[in-house]
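Here's the structure, in structure tokens; my notes come after.
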Amino acid sequence: QVHVAESGGGLVQAGGSLRLSCVVAGRTYSWNVMGWFRQASGKEREFVAAINWLGGGTTYADSQQGRFTISRDNAKNTLYLQMSSLKIEDTAVYYCAASRRMGLTTTPADFGSWGQGTQVTVSS
């Protein structure tokens with residue numbers, strides 16, 4: 001079992017930046033890919049970014065390409081999401097999740113361990 005816990009959300013003005021963190025604990029050897037997803041009020045959960053934990057390969061949703069950066073600190077078992085040039089439409093609850101898949105994936109169903117989420121609110 002892998003446990004993840006997000007932090008770093010908050011209120012920020014449009015154009016600003018935030019860095020989200022996700023600490024991973026438990027059977028960390030059982031997962032290969034970590035991802036960030038988000039869910040805005042009244043909308044479905046959507047993919048944001050994912051990273052292969054060992055190799056470091058990354059993939060992003062088109063709408064975040066160039067604005068968001070996913071990274072990890074293997075020694076600290078911590079995943080990060082650096083968000084810049086934030087837009088009002090980035091407002092959502094952001095979730096960290098772990099997957100046992102060997103290759104990068106953007107599908108929520110491929111991720112078996114989810115955190116409680118952290119709220120990001122972007123104001124005008």
Side-chain angles (χ1 to χ4, degrees):
Q1 185 71 23
V2 174
H3 302 280
V4 299
E6 308 91 340
S7 63
L11 175 64
V12 62
Q13 285 190 322
S17 300
L18 274 178
R19 188 178 80 159
L20 306 183
S21 299
C22 172
V23 177
V24 187
R27 300 176 63 181
T28 56
Y29 57 86
S30 64
W31 44 265
N32 301 295
V33 176
M34 294 295 298
W36 287 100
F37 294 79
R38 69 185 185 185
Q39 188 166 17
S41 180
K43 296 185 178 181
E44 294 186 352
R45 191 168 297 187
E46 65 174 0
F47 169 76
V48 174
I51 187 167
N52 183 290
W53 195 259
L54 292 180
T58 59
T59 187
Y60 296 88
D62 289 342
S63 60
Q64 283 88 49
Q65 189 76 38
R67 298 190 301 123
F68 292 5
T69 302
I70 189 172
S71 62
R72 88 287 193 213
D73 185 327
N74 299 54
K76 295 181 179 179
N77 278 351
T78 302
L79 177 74
Y80 302 100
L81 184 68
Q82 179 67 48
M83 305 185 293
S84 60
S85 301
L86 283 163
K87 304 175 182 179
I88 293 176
E89 51 264 40
D90 292 319
T91 295
V93 178
Y94 283 71
Y95 297 91
C96 168
S99 172
R100 295 184 179 185
R101 287 184 62 90
M102 295 303 297
L104 288 171
T105 176
T106 65
T107 305
D110 289 338
F111 290 79
S113 297
W114 292 83
Q116 294 300 307
T118 185
Q119 176 71 48
V120 172
T121 303
V122 183
S123 65
S124 58

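For clarity, every value in this text was computed on a predicted model and none was experimentally measured.
Pairing each heavy atom of R67 with each of S63, the nearest pair is NH2-O, 3.2 Å. For Q82 against L18, the heavy-atom pair with the smallest separation is NE2-O, 3.5 Å. Closest approach of L79 to C96, counting heavy atoms only: CD2-SG, 3.8 Å. The minimum heavy-atom distance between I51 and R72, with the atom names listed, is CD1-CD, 3.6 Å. Of all heavy-atom pairs spanning S85 and S17, the tightest one is N-OG, 4.4 Å. W53 and M34 make their closest contact through CE3-CG, 3.4 Å (heavy atoms, listed as atom of the first residue, atom of the second, distance).
Residues T91 and Q119 meet the side-chain proximity criterion, which asks for heavy atoms closer than 4.5 Å. Between Q64 and W36 the shortest side-chain heavy-atom distance does not fall below 4.5 Å. A heavy-atom distance below 4.5 Å is not found between the side chains of D90 and M83. For the pair Q39/Y95, a side-chain contact is recorded, criterion being any heavy-atom separation below 4.5 Å from C-beta on.
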>> As a quick check of understanding, evaluate side-chain contact (heavy atoms from CB on, under 4.5 Å) for C22 and Y80, giving each step before the final call.
In response: CA-CA 6 Å; C22 172; Y80 302 100; over 6 Å; no

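Distance OG/S7 to OH/Y94: 15.0 Å, rounded to 0.5 Å. Atom OG of residue S84 and atom CZ of residue F68 lie 7.5 Å apart, to the nearest 0.5 angstrom. The CG atom of N52 sits 12.0 Å away from the CZ atom of R101 when rounded to the nearest 0.5 Å. Expressed to the nearest 0.5 Å, how far CD1 of I70 lies from CG of L20 amounts to 10.5 Å.
Ring pair F111/F37 is perpendicular by interplanar angle, where above 60° counts as perpendicular and below 30° as parallel.
Two different hydrophobic clusters hold F47 and V4 under the rule that ILVMFWY side chains link at heavy-atom gaps under 4.5 Å. V120 and W114 end up in different hydrophobic clusters when Ile, Leu, Val, Met, Phe, Trp and Tyr side chains are linked at under 4.5 Å. Under a hydrophobic-cluster definition in which Ile, Leu, Val, Met, Phe, Trp and Tyr are linked whenever side-chain heavy atoms come within less than 4.5 Å, directly or via other members, V2 and V33 are assigned to different clusters.
A distance-only check finds no donor-acceptor pair linking the side chain of T78 to the backbone of V23 [under 3.5 Å]. For T107 (side chain) and A109 (main-chain N/O), no donor-acceptor pair under 3.5 Å exists by modelled atom type. With S21 contributing its side chain and G8 its backbone, the two residues share no donor-acceptor pair below 3.5 Å. Checked by atom type and distance alone, the side chain of Q116 never pairs as donor or acceptor with a backbone atom of E6 at under 3.5 Å.
Counted within 6.0 Å of CD on E44, heavy atoms from surrounding residues, nucleotides or ligands total 12 or fewer; the atom is thus considered open.
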